[in-house]
**Student:** 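Mind looking over this structure? Questions follow.
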There are 2 protein chains.
Amino acid sequence: MEEQALSILRDHGLSVTTVRKGILDVFLKTGQALSHSDLEGQASGQLDRVTVYRTLQAFVGKGIIHVIPTSDNSLRYALCRDACVDGHHHDRHVHFICHHCGKATCINQLDVPSVRLPRGYRMQEVSMVVHGVCPNCD
Amino acid sequence: MEEQALSILRDHGLSVTTVRKGILDVFLKTGQALSHSDLEGQASGQLDRVTVYRTLQAFVGKGIIHVIPTSDNSLRYALCRDACVDGHHHDRHVHFICHHCGKATCINQLDVPSVRLPRGYRMQEVSMVVHGVCPNCD
DNA sequence: ATGATTCTGCAACTCTGTTGCAAATTTAGT
DNA sequence: ACTAAATTTGCAACAGAGTTGCAGAATCAT
Ligand SMILES: [Mn+2]
Ligand SMILES: [Mn+2]
Ligand SMILES: [Zn+2]
Ligand SMILES: [Zn+2]
């Protein structure tokens, strides 16, 4: 676990610090998509808000995590499973958010279906978010 | 136009006020998906921030407008084309957001494709947002 | 027209996210 | 292992987004 965080940082060209390993460990342990405030709480020891923001930005930029938009204005972040490099993401899977427990999950086995946009639109990224009730809360 | 705003309010059981007609008119005129701050600017005369928040909430609740989540934490709102009633929305079309001009558009003619979630997940709502470059900016 | 109900605008507040900067940590070179 | 350069961290201060309570204004039903 510790080891894994370390190699992820190395592999993506980020210097290895306590904070970064800590945040990455939370992602690895929970396996969930986490909001900014989830992280402020869950990580061992107190984390500075600003540092969390900057760390998440860095992780997104380097392709370590990806962003999940929600309809309640609270972004979630989750580890990239595929090898996303330097901001060029290709995590085209469906995301699920439970209305009951609030947990966000990457449905890695389910790719976002492709769509044909009307003439003139150029697609760069696509996201599909499903809201509902998760297996745990059903 | 004025008439249309009026009947939309009546049809959804909301009392008719200057502010509500004003905000609804902006949606009708532009035909675009608008952010909160778009509205504060565009409406004729000054609008109170708080009133805009409460108006948008009321409209979403009554099924007059729907929410479009984005990956930059700024919600957009757009008129429901179908007859959504009392919070029970069924606007299952794709949304497009242009990276260049920032405009958000309902692609009404393109339904969100259906997906089969893994066993145990119960789907309630689904949203599909495409980011890219719009015809005007291409 | 009148009273009951709902909506509006203001003030005050909390929460979220950003920026600049100095101290601490990490990295790379010796 | 030591050192200097580069990066990261935490703090303070700020700007923006969103919420709540309340009194006056507008709307609605009779
Ligand atoms: Mn994901
Ligand atoms: Mn729409
Ligand atoms: Zn759940
Ligand atoms: Zn555009």
Side-chain angles (χ1 to χ4, degrees), chain A residues 2-3 5-26 33-62 64-65 67-77 86 102 104, chain B residues 2-3 5-26 33-62 64-65 67-77 86 102 104:
Chain A
E2 268 288 323
E3 271 313 308
L6 197 140
S7 68
I8 291 178
L9 290 172
R10 291 247 164 85
D11 290 354
H12 289 84
L14 284 177
S15 49
V16 177
T17 70
T18 313
V19 174
R20 284 174 179 169
K21 272 189 297 187
I23 292 183
L24 215 34
D25 275 341
V26 178
L34 302 169
S35 67
H36 177 98
S37 60
D38 287 340
L39 284 166
E40 274 196 75
Q42 298 213 30
S44 56
Q46 297 301 53
L47 286 181
D48 183 59
R49 263 165 15 89
V50 179
T51 306
V52 175
Y53 280 116
R54 293 198 265 226
T55 304
L56 291 175
Q57 271 181 224
F59 284 5
V60 172
K62 292 293 185 180
I64 297 177
I65 59 178
V67 183
I68 304 161
T70 76
S71 18
D72 71 337
N73 237 348
S74 76
L75 298 180
R76 312 301 183 89
Y77 301 87
D86 263 17
Chain B
E2 267 290 323
E3 270 315 308
L6 197 140
S7 68
I8 291 178
L9 290 172
R10 291 246 164 83
D11 290 354
H12 290 83
L14 284 178
S15 50
V16 177
T17 70
T18 314
V19 175
R20 285 173 178 170
K21 273 190 295 185
I23 292 183
L24 215 34
D25 275 340
V26 178
L34 303 170
S35 68
H36 177 97
S37 60
D38 287 340
L39 284 166
E40 272 196 75
Q42 297 214 29
S44 57
Q46 297 302 51
L47 286 181
D48 183 59
R49 265 165 14 88
V50 179
T51 307
V52 175
Y53 281 116
R54 292 198 266 226
T55 305
L56 291 175
Q57 271 181 223
F59 284 5
V60 172
K62 293 293 185 179
I64 297 176
I65 59 177
V67 183
I68 304 161
T70 76
S71 17
D72 71 336
N73 235 350
S74 75
L75 298 180
R76 312 303 182 86
Y77 301 87
D86 263 17

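Just so it is clear: chains get the letters A, B, ... in the order the sequence lines come, proteins before strands, and each one is counted from 1.
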**Student:** Wobble G-U and Watson-Crick pairs count when both distances are under 3.5 Å; given that, what is the 5' to 3' dot-bracket string of DNA chain C, with | for pairing to other strands?
**Tutor:** ||||||||||||||||||||||||||||||
**Student:** Looking at D:dG10, does its base get a donor-acceptor pair with the side chain of A:Arg49 below 3.5 Å?
**Tutor:**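 Answer is no: no donor-acceptor pair is held.
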**Student:** What's the NZ-P distance between A:Lys21 and C:dT25, to the nearest Å?
**Tutor:**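 Taking NZ of A:Lys21 and P of C:dT25, I get 13 Å after rounding.
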**Student:** For A:Thr55, is there any backbone N or O sitting under 3.5 Å from a side-chain donor or acceptor partner on A:Arg20?
**Tutor:** no
**Student:** Measure CG/A:Asp72 against P/C:dT16 and give the value in whole Å, please.
**Tutor:** 11 Å
**Student:** In whole Å, what is the span from the NZ atom of B:Lys62 to the P atom of C:dT6?
**Tutor:** 11 Å
**Student:** Once you round it to whole Å, what is the distance between P of C:dG17 and NE2 of A:His36?
**Tutor:** 7 Å
**Student:** Check every atom of D:dT27, D:dT19, D:dT9 against the side chain of A:Thr55 and return the nucleotide holding the closest atom.
**Tutor:** D:dT9
**Student:** Here's a test of your reading of the structure: between B:Leu14 and A:Ser15, which maps to the more 5' nucleotide of DNA chain D?
**Tutor:** A:Ser15
**Student:** May I ask you to verify if any side-chain N or O of A:Thr17 is less than 4.0 angstrom from the OP1 or OP2 atom of D:dT7?
**Tutor:** no
**Student:** What is the nucleic acid contact for A:Arg20, judged by heavy atoms within less than 4.0 Å: base, sugar-phosphate only, or nothing?
**Tutor:**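 Result for A:Arg20 = sugar-phosphate.
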**Student:** Any side-chain N or O of B:Thr51 below 4.0 angstrom from OP1/OP2 of C:dG9?
**Tutor:**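 True: B:Thr51 side-chain N/O within range (under 4.0 Å) of C:dG9 OP1/OP2.
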**Student:** Closer than 4.0 Å, any side-chain N/O of A:Asn73 to the OP1 or OP2 of D:dG18?
**Tutor:** yes
**Student:** When you measure only distances, ignoring hydrogens and angles, does the side chain of B:Arg54 come within 3.5 Å of the base of D:dG18 through a donor and an acceptor?
**Tutor:**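 For B:Arg54, whose side chain was compared with the base of D:dG18, there is no donor-acceptor pair (under 3.5 Å).
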**Student:** Using whole Å, what does the distance between atom C1' of nucleotide D:dT8 and atom NE2 of A:His12 come to?
**Tutor:** 19 Å
**Student:** For the CG atom of A:Asn73 and the CG atom of B:Leu75, what is their distance to the nearest 0.5 Å?
**Tutor:** 3.5 Å
**Student:** Just how far is it from atom OG of A:Ser71 to atom CZ of B:Arg76, taken to the nearest 0.5 Å?
**Tutor:** 14.5 Å
**Student:** As an exercise, state the distance from CZ of B:Arg54 to CG of B:Leu56, rounded to the nearest 0.5 Å.
**Tutor:**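 The CG atom of B:Leu56 is 12.5 Å from CZ of B:Arg54, to the nearest 0.5 Å.
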**Student:** Between B:Arg76 (CZ) and D:dA17 (P), how many Å, whole number?
**Tutor:** 12 Å
**Student:** Would you say that B:Tyr77 contacts B:Val67 through its side chain, given a criterion of any heavy-atom pair below 4.5 Å between the two side chains?
**Tutor:** yes
**Student:** Taking atom CG of B:Asp48 and atom OH of B:Tyr53, what is their separation to the nearest 0.5 Å?
**Tutor:**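 OH of B:Tyr53 is found 10.5 Å from CG of B:Asp48.
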**Student:** B:Asp48 has an atom CG; how far is it from atom P of D:dG18, in whole Å?
**Tutor:** 14 Å
**Student:** Output the distance between atom CG (A:Asp25) and atom OG1 (A:Thr18), rounded to the nearest 0.5 Å.
**Tutor:**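 Going from the CG atom of A:Asp25 to the OG1 atom of A:Thr18 covers 11.0 Å.
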**Student:** Whole Å only: how far is the CG atom of B:Leu39 from the P atom of D:dA17?
**Tutor:** 13 Å
**Student:** Does any N or O in the side chain of B:Asp38 come within less than 3.5 Å of the main-chain N or O of B:Ser35, such that one atom is a donor and the other an acceptor?
**Tutor:**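 Yes: the side chain of B:Asp38 pairs with the backbone of B:Ser35.
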**Student:** Mind checking if B:Val19 touches a base, just sugar-phosphate, or nothing, with heavy atoms under 4.0 Å?
**Tutor:**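 Sugar-phosphate, backbone atoms only, no base.
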**Student:** On DNA chain D, does the nearest nucleotide to B:Gln57 precede the nearest nucleotide to B:Arg10 from the 5' side, or the other way round? Give the residue.
**Tutor:**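 Closest to the 5' end, via its nearest nucleotide, is B:Gln57.
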